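As the structure lists them, so they are numbered: ligands from 1, and atoms in each ligand from 1. Given the structure is predicted, the values throughout are model-derived calculations rather than measurements. The residues of the chain are indexed from 1 along the displayed sequence.
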Amino acid sequence: MLFQKSVQLRAALFGFLLLCAAAVQAQTAKLPNVTILATGGTIAGTGATSTTTVGYTAATVGVQALINAVPEISKVANVTGEQVFQIASENISNEEWLKLAKRVNVLLAQSNVDGIVITHGTDTLEETAYFLNLVVKSKKPVVVVGSMRPSTALSADGPINLYNAVRLAGDPAAAGRGVLVAMNDQIHAARDVTKANTTTADTFRTAELGMIGVIQGGKPFFYRDVTRKHTVDTEFDIAKLDALPQVDVAYAYANVGAVQVNALVAAGAKGLVHAGVGNGSLPAKTKPALIAAREKGVVIVRSSRVGQGIVARNGEANDDQLDFVVADTLSPQKARILLMLALTKTNSTKEIQRMFSTY
Ligand code: DGL
């Protein structure tokens with residue numbers, strides 16, 4: 001009798017456990033599959049004390065520790081983590097961009113990956129985001145995220161930024177919008193966002209064109225979309241590239257001469273972005289060096305250090321006559337990225353100007 005009772009109890013317990021397993025499986029099956037690719041930065045940084053918000057060490061915490069520090073993530077997505085590299089982002093190179101972009105494209109081609117989050121230092125976050133915006137070949141969400149306070153700080157912004165980024169990357173509403181930057185509860189388009197403050201948590205801004213959405217209570221709300229081509233609609237393909245053409249930026253200011261331009265050309269620049277003053281103006285002492293560079297085959301793009309607004313073609317310089325390109329509204333650092341990719345396809349300034357009007 002006792003034996004029979006024991007068997008019945010075990011059977012009931014086994015049945016209950018099976019039901020629990022099925023419920024967990026069903027719940028997991030409903031959650032999006034999000035891969036977190038970690039690259040370093042402050043979000044992975046540590047400081048000596050909880051009030052150390054400057055003078056900390058970036059890129060010390062590994063991807064699994066970042067995920068473990070936010071257990072809420074496992075309730076909203078099936079998350080896997082990969083440490084692609086571990087650097088402070090001021091040190092990121094073209095080679096690391098190519099490695100990251102290739103990994104993103106391999107993962108997004110897999111049916112079991114619904115979205116990707118990239119944790120990244122904020123210093124060059126906007127550049128990596130724009131590079132990926134031009135070379136990722138999927139409509140699935142790619143969200144780049146960082147933090148302004150290290151993981152050890154009071155009110156560290158990394159955990160909530162990471163949670164929000166995972167929610168965004170797992171949300172179908174984020175698909176087809178190009179690469180997104182999610183920081184400080186805001187959603188920005190990769191093309192137009194920039195780091196606007198050296199240390200504050202609200203540093204990522206899209207000054208005149210505005211953020212494209214907000215994350216509230218973990219849910220994304222979109223209010224506008226991007227108009228320039230990105231991801232699957234671009235003509236750039238880095239799958240077979242092991243390097244990118246050397247493109248540099250020369251920065252204009254009062255009393256500037258030709259030293260920067262001449263040095264960059266001598267160092268092998270194939271393209272040169274001139275961060276002009278105002279509407280992309282060319283100082284008289286710099287202009288001859290740019291003309292000489294163009295005569296050597298270097299492609300010249302006129303951008304502006306101002307940060308907002310369109311650099312008008314044939315405005316402050318006769319671009320038609322000089323055979324220069326203008327950067328539209330792209331910042332010098334982003335114009336450099338587009339020019340690098342353009343030079344993997346063509347040296348035609350007519351074609352490159354089309355690209356600056358397209359992306
Ligand atoms: N060294 C900077 C970087 O890795 C820290 C800034 C940050 O990540 O917020 O971009």
SB check [X] [Y] (cutoff 4.0 Å):
{"X": "Arg205", "Y": "Asp202", "result": "yes"}
{"X": "Arg313", "Y": "Asp320", "result": "yes"}
{"X": "Lys139", "Y": "Asp233", "result": "no"}
{"X": "Arg103", "Y": "Glu82", "result": "yes"}

TODO: Pick whichever of Thr42, Thr203, Thr199 has a heavy atom sitting closest to atom 5 (C) of ligand 1.
DONE: Thr42

Task: Proximal candidate to atom 2 (C) of ligand 1 [heavy atom criterion; set Asn91, Leu125, Asp123, Asp157] - done: Asp123

Open item on the list: Could you tell me if the side chain of Asn279 sits less than 4.5 Å from the side chain of Val311, heavy atoms only?
Closed with: yes

Task: Close-contact set for ligand 1 against Gly41 heavy atoms, below 4.0 Å - done: 4 (O), 8 (O)

Open item on the list: Taking 4.0 angstrom as the limit and counting only heavy atoms of Ala88, give me the atoms of ligand 1 inside it, by number and element.
Closed with: 1 (N), 4 (O)

TODO: Check Ser147 against ligand 1 and report side chain, backbone, both or neither, counting heavy atoms closer than 4.0 Å.
DONE: backbone

Open item on the list: For ligand 1 and Ser89, I'd like to know whether there is a polar contact (N/O to N/O, distance under 3.5 Å).
Closed with: yes

Open item on the list: Using a plain distance cutoff, I'd like to know if His120 has any nitrogen or oxygen under 3.5 Å from a nitrogen or oxygen of ligand 1.
Closed with: no

Determine all donor-acceptor pairs shorter than 3.5 Å in which one atom belongs to a side chain in residues 172-186; sequence neighbours excluded.
from, atom 1, to, atom 2, distance (Å)
Arg177, NE, Ala173, O, 2.7
Asp185, OD1, Asn164, ND2, 3.1
Gln186, OE1, His188, NE2, 2.8

Open item on the list: The criterion is ring pair (Phe, Tyr, Trp, His ring centres under 6.0 Å); which residues satisfy it with Phe324, sequence neighbours excluded?
Closed with: none

Task: atom 1 (N) of ligand 1 [closest protein heavy-atom partner, distance rounded to 0.1 Å] - done: Glu90 OE1, 2.7 Å

Task: Residue and atom name of the nearest protein heavy atom (relative to atom 9 (O) of ligand 1), distance in Å to one decimal - done: Thr122 OG1, 2.6 Å

